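The structure appears below as structure tokens.
A quick note: this is a predicted structure, and the numbers were derived from the prediction, not measured. A note on names: the letters A, B, ... follow the listed sequences, proteins ahead of strands, and every chain is numbered from 1.
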Amino acid sequence: MIDLKLLQKDFDAMSAKLSRKKVDTSLIADLKQKNEELKKAKTEFETLQAMQNSMSKEFGIYKKEGRDVSELKAKVDANKINIAAALETQRERQEELETLAMSIPNMPDDNVPDGADENDNIEIKKVLAPHAFTFAPKEHWELAEQNGWIDFERGVKLATSRFSVSFGMGAKLERALINFMLNFNSKRGFEEVSVPVIVNRNALKGTGQLPKFEDDLYKIDSQELFLIPTAEVPVTNLFADEILEESQLPIKMTAYTPCFRKEAGAAGRDTRGMIRQHQFHKVELVAITTPQTSDKVFDEMLACASDVLTALELPHRLVTLCTGDLGFSAAKTVDIEVWLPGQNTYREISSVSNTRDFQARRAKIRYKDGDKNSMVHTLNGSSLAVGRTLVAIMENFQNEDGTITIPKVLEPYIN
RNA sequence: GGAUCUUUGGCAGAGUUGGUCGAAUGCACCGGUCUUGAAAACCGGCGAGGGUUAUACCUCCCAGAGUUCGAAUCUCUGAGGGUCCA
């Protein structure tokens with residue numbers, strides 16, 4: 001959630017930043033006004049409540065002294081009616097404010113480039129040059145079927161479209177990749193955690209998936225629980241409602257989970273193959289830091305994800321997302337795109353984001369900052385999407401006859 | 001599934017004849033005295049959010065509803081945990 005105090009203090013700066021993310025200034029103005037109205041309603045209610053409290057105290061004293069309370073009671077009873085009304089207004093205002101505030105995205109960092117969509121993203125650097133093929137490289141679904149690694153039809157049979165089944169070496173490679181990545185991340189100082197893949201509404205509010213993006217989540221109707229779209233949700237929320245000691249920070253974690261997404265807005269996109277699945281494996285990085293160190297940890301996470309690809313000998317590039325492509329919670333995001341020779345293009349395989357204090361404010365994750373409590377910064381990044389990594393391996397390591405060479409670093413994991 | 005108990009500040013743990021309880025006490029933590037330094041001892045501070053220049057003031061004792069002038073304390077519902085029965 002954006003900082004309402006800051007909004008009151010510096011409306012212009014904030015609305016300028018948010019308008020870069022296509023948030024209508026009138027919305028921000030509305031938010032400011034609602035905030036002021038809530039304040040007013042609160043003051044009103046609290047004044048009445050204070051009266052009530054002091055009269056009640058008096059009441060106790062009167063009783064003890066055996067004095068007549070009928071007059072006081074009449075006063076108190078009258079006040080009660082006003083309190084009920086004031087409380088009701090306050091509640092309404094509170095709810096209005098919250099509904100609006102929770103649906104406003106994070107402000108982009110100042111150095112995030114302006115832009116409308118992914119075409120305006122800015123490449124930072126390329127790592128490893130795509131190697132030249134002496135034959136026309138195939139796309140991964142062809143290779144996957146030819147090698148018997150992935151069965152798309154049977155995935156559909158078991159569930160619905162956008163589900164698949166991995167067999168034999170395909171399945172083995174997925175497992176190898178997960179283990180390899182977790183080990184890799186551990187060595188970089190990210191503690192391995194294993195978390196629930198079903199979470200409640202509150203956790204999803206904390207990281208920003210709710211209330212705005214409920215359509216893209218799988219919901220367990222009977223219980224108000226949801227399948228996680230990313231490990232970012234349970235891992236970040238591990239520390240919700242907590243006040244951490246500064247000495248504990250930064251907390252750096254890595255987790256493997258399956259992820260579940262309805263892909264509601266993606267009809268018709270990537271319908272073939274396993275680029276866009278409803279269920280996929282992902283190894284995630286999450287960090288909780290002080291504001292002073294979040295940029296440093298961001299770079300560490302980005303390097304960590306990029307180095308995994310380098311270790312796998314996969315050509316990739318780093319891309320700074322422009323304002324138009326930036327996610328809801330992120331102040332800054334760098335995507336890592338892996339080279340897919342079959343598709344002859346770079347495709348997103350990882351996304352590292354700094355949400356600054358946006359999620360921290362929603363999830364109430366704070367730390368002792370001297371003698372006061374301040375919001376932490378939270379960061380997350382994939383390292384990596386396992387299915388897409390497998391796709392990249394298939395396409396980059398394919399031989400002319402359609403067989404696939406296994407990257408050297410994975411050999412210990414599949415024997 | 002049935003019965004019963006329980007849910008308090010970072011932790012432990014008082015508080016159940018409703019009033020001055022945001023809450024004893026201990027531990028932990030922070031500051032100080034003492035010490036060459038540390039430990040011990042002693043003194044002081046120490047929940048969170050809102051609000052204020054600062055006070056005042058308001059809210060929070062699992063969640064929600066209720067009784068009452070007044071609820072951590074009583075009633076109901078729900079959730080989590082324990083024990084027993086099945």
_Atom C1', compared across B:rC61 and B:rA12: separation rounded to whole Å_ = 16 Å
_If I take atom CZ in residue A:Phe239 and atom C1' in nucleotide B:rG10, what distance separates them, rounded to the nearest angstrom?_
15 Å
_For B:rC60, the Watson-Crick or wobble counterpart (both distances under 3.5 Å)_ = B:rG47
*Identify whether the distance between the nearest side-chain nitrogen and carboxylate oxygen of A:Asp295 and A:Arg356 falls below 4.0 Å.*
yes
*So with a 6.0 Å cut-off around CD of A:Glu71, is the heavy-atom count from everything else above 12?*
no
*Which nucleotide sits closest to the side chain of A:Ile61: B:rU20, B:rC57, B:rG50?*
B:rU20
*asked:* In whole Å, I'd like the distance from the CD atom of A:Glu58 to the C1' atom of B:rC69.
replied: 11 Å
*Roughly how far apart, to the nearest Å, are B:rC60 and B:rA71 at atom P?*
9 Å
*asked:* What is the separation between atom NZ on A:Lys40 and atom P on B:rC57, rounded to the nearest whole Å?
replied: 25 Å
_Suppose you measure atom P in B:rG49 against the same atom in B:rU55; what distance do you get, rounded to whole Å?_
14 Å
*Measure from the side chain of A:Ser56, starting at C-beta and using heavy atoms only, and say which of B:rG70, B:rU59, B:rC57 lies closest.*
B:rG70
*Counting Watson-Crick and G-U wobble pairs only, both distances under 3.5 Å, name the nucleotide matched with B:rG10, or none.*
B:rC27
*Which is true for A:Lys39 with a 4.0 Å heavy-atom rule: it touches a base, it touches only sugar-phosphate, or it touches nothing?*
sugar-phosphate
*In whole angstrom, what separates A:Tyr62's OH from B:rU20's P?*
18 Å
_Listed nucleotide nearest any side-chain atom of A:Arg91, set B:rA65, B:rU52, B:rG49_ = B:rA65
*With C1' as the reference atom in both, quote the distance from B:rA23 to B:rG13 in angstrom, rounded to an integer.*
12 Å
_Let's test this: given Watson-Crick or G-U wobble pairing with both distances under 3.5 Å, identify the partner of B:rG70._
none
_Between A:Lys5 and B:rG50, is there a contact of a side-chain N or O with OP1 or OP2 at under 4.0 Å?_
yes
_Closest to the A:Glu46 side chain, choosing from B:rG70, B:rC58, B:rA48_ = B:rC58
*Nearest-angstrom distance from the residue atom CD of A:Glu242 to C1' of B:rG9*: 15 Å
*asked:* Looking at B:rU75, which nucleotide sits across from it as a Watson-Crick or G-U wobble partner, both distances under 3.5 angstrom, or is there none?
replied: B:rA65
*Grab the NZ-C1' distance between A:Lys42 and B:rU59 for me, whole Å please.*
8 Å
*asked:* Would you compute the distance between atom OG1 of A:Thr389 and atom CG of A:Asn396 and round it to the nearest 0.5 angstrom?
replied: 11.0 Å
*Would you kindly give the CG-to-P distance between A:Asn53 and B:rA56, to the nearest whole Å?*
15 Å
*Identified pairing partner of B:rA86, criterion: Watson-Crick or G-U wobble below 3.5 Å*: none
*Apply the test ring pair (Phe, Tyr, Trp, His ring centres under 6.0 Å) to residues A:Phe328 and A:Phe213: give CA-CA distance (whole Å), side-chain angles for both, the deciding distance (0.1 Å), then the verdict.*
CA-CA 10 Å; A:Phe328 181 78; A:Phe213 306 103; 5.4 Å; yes
*B:rG32 versus B:rG37 - spacing of their P atoms, nearest Å*: 13 Å
*Which residue lies more 5' along RNA chain B, comparing A:Lys73 with A:Ala50 via nearest heavy atoms*: A:Ala50
*Look at all strands and tell whether A:Lys372 reaches a base, only sugar-phosphate, or nothing, counting heavy atoms closer than 4.0 Å.*
nothing
*Is there a donor-acceptor contact under 3.5 Å from the side chain of A:Asp120 to the main chain of A:Gly115?*
no
*asked:* I'd like the P distance from B:rU52 over to B:rG64, given in whole Å.
replied: 25 Å
*Heavy-atom donor-acceptor pair, A:Asn237 side chain to A:Val233 backbone, under 3.5 Å*: yes
*Using whole Å, report how far CD1 of A:Ile243 lies from C1' of B:rG49.*
10 Å
*Is the closest side-chain heavy-atom distance between A:Phe226 and A:Glu214 below 4.5 Å?*
yes
*Taking atom C1' in both B:rU8 and B:rU25, what distance in whole Å separates the two?*
14 Å
*Candidate nucleotides B:rC58, B:rA48, B:rG70, ranked by approach to the side chain of A:Gln52 - the nearest*: B:rG70
*5′-ward residue of the pair A:Gln49/A:Arg366 relative to RNA chain B*: A:Arg366
*Where the side chain of A:Lys80 is defined as all heavy atoms beyond and including C-beta, which of B:rU59, B:rC69, B:rA48 is the nearest nucleotide?*
B:rC69
_Spacing of the C1' atoms in B:rG9 and B:rG22 (rounded, Å)_ = 9 Å
_B:rC69, OP1 or OP2 - any side-chain N/O from A:Asn79 closer than 4.0 Å?_
no
